Amino acid sequence: MKKKNSRPSWDEYFLEVAGLVAKRSTCLRRKVGTVLVKNKRILATGYNGAPSGLKHCIDTGCLREKLKIPSGQRHELCRGLHAEQNALLQSALYGVSAKGSTLYVTNQPCSICSKMLINAGIKEVVISGGYPDKMAEEFLKEAGIRVKIKKSKSKS
């Protein structure tokens with residue numbers, strides 16, 4: 001009698017890791033986590049929050065919230081970096097190439113992050129949640145980056 005394999009698939013595994021990384025987020029509006037992976041190995045992680053050494057939104061409040069700016073608009077008014085940006089910056093900081101890697105992320109990247117992912121040479125993006133940015137979807141499609149939408153089985 002064979003036992004059923006209860007191990008998560010690689011996509012499920014890395015999306016669950018991204019969900020755990022998102023718990024470190026200091027954003028008051030949306031907690032996002034990402035994992036940069038190549039050959040089934042984690043290269044870097046990132047979550048949305050203020051640059052190193054600066055006060056976080058949980059300490060200062062959210063300007064975008066105060067101004068009632070809708071999600072997906074006026075990114076320049078946020079003191080935080082996006083999770084995707086932080087993963088790419090960590091990769092660069094430690095001299096690890098992101099070229100040819102897969103990005104696992106809890107929410108669809110915005111158009112700014114999508115442009116960065118294209119230039120970093122990301123080959124695939126695996127997403128577990130949406131985001132209101134059609135332009136980002138179009139950029140990734142035009143660049144030939146494979147996009148997969150998967151729902152994480154984790155309840156965390």
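On a predicted model such as this, the values are computed, not experimentally measured, just so you know. FYI, the numbering just counts along the sequence from 1.
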**Student:** Any chain of hydrophobic side-chain contacts (each under 4.5 Å) joining Ile69 to Leu81?
**Tutor:**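 No, no single cluster joins them.
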
**Student:** Can you tell if the side chain of Thr106 reaches within under 4.5 Å of the side chain of Thr34, non-hydrogen atoms only?
**Tutor:**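 Result no, sub-4.5 Å side-chain heavy-atom pair not found.
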
**Student:** Quick one: are His75 and His82 in side-chain contact, heavy atoms under 4.5 Å?
**Tutor:**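 Yes. Closest side-chain heavy atoms under 4.5 Å.
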
**Student:** So do Pro109 and Ser114 actually touch side chain to side chain, heavy atoms under 4.5 Å?
**Tutor:**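 A side-chain contact under 4.5 Å exists here.
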
**Student:** So, taking the atom named OG in Ser101 and the one named CG in Leu43, what distance separates them when rounded to the nearest 0.5 Å?
**Tutor:**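 Answer rounded to 0.5 Å: 6.0 Å.
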
**Student:** Do Leu88 and Leu117 touch side chain to side chain, with heavy atoms closer than 4.5 Å?
**Tutor:**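 Leu88 reaches Leu117 side chain to side chain.
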
**Student:** In terms of hydrophobic clustering (I, L, V, M, F, W, Y; side-chain heavy atoms under 4.5 Å; direct or indirect links), are Val125 and Leu89 co-clustered?
**Tutor:**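 In one cluster with Val125: Leu89, no.
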
**Student:** Please determine whether side-chain contact (heavy atoms from CB on, under 4.5 Å) holds for the pair Gln85 and Ile112, giving the CA-CA distance in whole Å, both sets of side-chain angles, and the decisive distance to 0.1 Å.
**Tutor:** CA-CA 9 Å; Gln85 294 168 341; Ile112 295 168; 3.7 Å; yes

**Student:** How about Leu54 and Arg79: do any of their side-chain heavy atoms sit closer than 4.5 Å?
**Tutor:**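 Answer yes - side chains close enough.
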
**Student:** Heavy-atom distance under 4.5 Å between the side chains of Leu36 and Ile42, does that happen here?
**Tutor:**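 The answer is no, as the side chains (C-beta and beyond) never meet within the 4.5 Å cut-off.
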
**Student:** Do you know the tightest heavy-atom contact between Pro8 and Glu12?
**Tutor:**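 Looks like CA-OE1, 3.2 Å.
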
**Student:** I need the Leu28 CG to Arg64 CZ distance, nearest 0.5 Å.
**Tutor:**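 If we round to the nearest 0.5 Å, Leu28:CG and Arg64:CZ are 11.5 Å apart.
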
**Student:** With distance as the sole test, does Asp133 use its side chain to make a donor-acceptor pair with the main-chain N or O of Ser111 at under 3.5 Å?
**Tutor:**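 Yes: the side chain of Asp133 pairs with the backbone of Ser111.
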
**Student:** Taking Phe14 as the starting point, is it possible to reach Val32 by hopping between hydrophobic residues whose side chains are less than 4.5 Å apart?
**Tutor:**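 Per the 4.5 Å side-chain linkage, Val32 and Phe14 are not co-clustered.
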
**Student:** Is Val126 reachable from Val147 through a run of hydrophobic residues whose side-chain heavy atoms are each under 4.5 Å from the next?
**Tutor:**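 No; tracing contacts between hydrophobic side chains, which count when under 4.5 Å, never links both residues.
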
**Student:** Step through the shown structure and confirm whether more than 12 heavy atoms of other residues, nucleotides or ligands are within 6.0 Å of NZ on Lys148.
**Tutor:**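 Counting neighbours around NZ of Lys148, more than 12 heavy atoms of other residues, nucleotides or ligands fall under 6.0 Å, so yes.
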
**Student:** Is it true that Trp10 and Ile122 fall in one hydrophobic cluster, defined by side-chain heavy atoms closer than 4.5 Å?
**Tutor:**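 No, separate clusters.
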
**Student:** Ignoring hydrogens, what is the shortest heavy-atom contact between Thr26 and Gly49? Give both atom names and the distance.
**Tutor:**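 For Thr26 versus Gly49, the nearest heavy atoms are OG1-CA, 3.4 Å.
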
**Student:** For the CG atom of Leu140 and the CD atom of Gln108, what is their distance to the nearest 0.5 Å?
**Tutor:**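 Going from CG on Leu140 over to CD on Gln108, the span is 7.5 Å.
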
**Student:** Working to the nearest 0.5 Å, report the span between OH of Tyr104 and OG1 of Thr102.
**Tutor:**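 One finds 5.0 Å between OH of Tyr104 and OG1 of Thr102.
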
**Student:** Restricting to ring-ring contact (aromatic ring centres under 6.0 Å, His included), what partner residues turn up for His56, sequence neighbours left out?
**Tutor:**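 His56: no ring-ring contact (aromatic ring centres under 6.0 Å, His included) contacts found.
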
**Student:** Rounded to the nearest 0.5 Å, how far apart are CD of Glu65 and SG of Cys78?
**Tutor:**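 The SG atom of Cys78 is 11.0 Å from CD of Glu65, to the nearest 0.5 Å.
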
**Student:** Any side-chain heavy-atom pair from Leu103 and Glu84 closer than 4.5 angstrom?
**Tutor:**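 Yes, their side chains come closer than 4.5 Å.
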
**Student:** Would you compute the distance between atom CG of Asn86 and atom OG of Ser91 and round it to the nearest 0.5 angstrom?
**Tutor:**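 Taking CG in Asn86 and OG in Ser91, the distance rounds to 12.0 Å.
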
**Student:** Do Lys23 and Lys31 have side chains that approach each other closer than 4.5 Å (heavy atoms only, starting at C-beta)?
**Tutor:**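 No, too far: nothing below the 4.5 Å cut-off.
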
**Student:** Cut-off 3.5 Å, side chains only: do Arg29 and Ser71 have a donor facing an acceptor?
**Tutor:**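 The criterion, which ignores hydrogens and geometry beyond distance, is not satisfied for Ser71 and Arg29.
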
**Student:** Look at Glu138 together with Lys141 and state whether they make a salt bridge at an N to O cut-off of under 4.0 Å.
**Tutor:**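 No salt bridge links Glu138 with Lys141.
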
**Student:** Is the number of heavy atoms from other residues, nucleotides or ligands within 6.0 Å of CG (Asn39) greater than 12?
**Tutor:**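 Open.
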
**Student:** As a test of understanding, state which of Asn107, Val105, Leu15 forms a side-chain contact (heavy atoms from CB on, under 4.5 Å) with Ile127.
**Tutor:**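 In the set Asn107, Val105, Leu15, the residue that makes a side-chain contact (heavy atoms from CB on, under 4.5 Å) with Ile127 is Val105.
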
